[in-house]
Amino acid sequence: MRSQRKCDTVAGAFIALLGAVVIVAASQIRGDVEERLPPRTLPYVVGFMTFAGGLLLAVKSHRFRGEDPEIEWPEKDGWVRIGVNLLLLALFTALMDPLGMPITTALYVATAIWYMDRKRILAALLTGAGSAVVVYYLFIKLLGLTFPLGPLAG
């Protein structure tokens with residue numbers, strides 16, 4: 001029998017492992033000493049947060065002592081939704097270099113929100129644009145991280 005507790009434990013362990021892989025990969029990133037914030041800072045933060053979140057999920061679900069609910073697997077619509085979101089992530093990754101991080105982020109966020117709730121096209125567009133502005137000013141301007149800028153590089 002597949003239960004929520006078992007799946008949460010396995011998922012937490014997998015997420016923690018993924019975080020550990022990100023941490024190891026981030027340690028391989030080299031940067032100049034003159035930079036005010038090394039390029040590996042953001043991957044380290046994401047890696048440690050992913051590792052800690054996965055570990056907490058695994059421990060919490062393993063220690064759970066209540067009735068173990070059965071998992072309700074997604075219907076066909078749920079699997080399609082998962083597939084579309086994975087495709088959007090692949091497109092986000094593929095388009096980041098040519099379009100740049102801010103534009104790609106705007107397109108990804110707007111498309112994902114629109115796909116999940118097609119009645120809110122204006123909210124999707126505004127959230128996508130806001131995400132692009134945050135990425136540009138926070139990560140690129142304020143923190144000085146070197147993300148691809150695409151057409152905004154000029």
Report the distance from atom [atom1] of [X] to atom [atom2] of [Y], rounding to the nearest 0.5 Å.
{"X": "Leu122", "Y": "Thr127", "atom1": "CG", "atom2": "OG1", "answer": "9.0 Å"}
{"X": "Thr104", "Y": "Leu99", "atom1": "OG1", "atom2": "CG", "answer": "4.5 Å"}
{"X": "Thr93", "Y": "Leu88", "atom1": "OG1", "atom2": "CG", "answer": "11.0 Å"}
{"X": "Phe64", "Y": "Thr9", "atom1": "CZ", "atom2": "OG1", "answer": "11.0 Å"}
{"X": "Thr50", "Y": "Leu17", "atom1": "OG1", "atom2": "CG", "answer": "11.5 Å"}
{"X": "Gln28", "Y": "Arg40", "atom1": "CD", "atom2": "CZ", "answer": "9.5 Å"}

Please report the shortest heavy-atom distance between [X] and [Y], naming the atom on each side.
{"X": "Ala13", "Y": "Ala58", "answer": "N-CB, 3.8 Å"}
{"X": "Pro102", "Y": "Pro148", "answer": "CD-O, 3.9 Å"}
{"X": "Ala16", "Y": "Leu55", "answer": "CB-N, 3.7 Å"}
{"X": "Ile15", "Y": "Gly54", "answer": "CG2-CA, 3.7 Å"}

State plainly whether one hydrophobic cluster holds both [X] and [Y], where clusters connect Ile, Leu, Val, Met, Phe, Trp and Tyr through side-chain heavy atoms under 4.5 angstrom apart.
{"X": "Ile82", "Y": "Leu18", "value": "no"}
{"X": "Met96", "Y": "Val134", "value": "yes"}
{"X": "Phe92", "Y": "Val133", "value": "yes"}
{"X": "Val21", "Y": "Ile23", "value": "no"}
{"X": "Leu89", "Y": "Val84", "value": "yes"}

- Mind running side-chain contact (heavy atoms from CB on, under 4.5 Å) on Arg81 and Asp77 for me, showing each step along the way? CA-CA 6 Å; Arg81 210 175 252 203; Asp77 286 348; over 6 Å; no
- Message: If you count heavy atoms of other groups shown closer than 6.0 angstrom to CE of Met116, is the number above 12?
- Response: yes
- Using a cut-off of 6.0 Å, state whether more than 12 heavy atoms not belonging to Arg118 lie near its atom CZ. yes
Enumerate, atom names and distances included, each donor-acceptor pair closer than 3.5 Å involving a side-chain atom of residues 106-115, sequence neighbours excluded.
residue	atom	partner	partner atom	Å
Thr111	OG1	Leu107	O	2.6

- Query: Under 3.5 Å, is there a donor-acceptor pair between the side chain of Ser27 and the main chain of Val24?
  - Reply: yes
- Message: Strictly distance-based, threshold 3.5 Å: is any side-chain N or O of Thr105 a donor or acceptor partner for the main-chain N or O of Ser131?
- Response: no
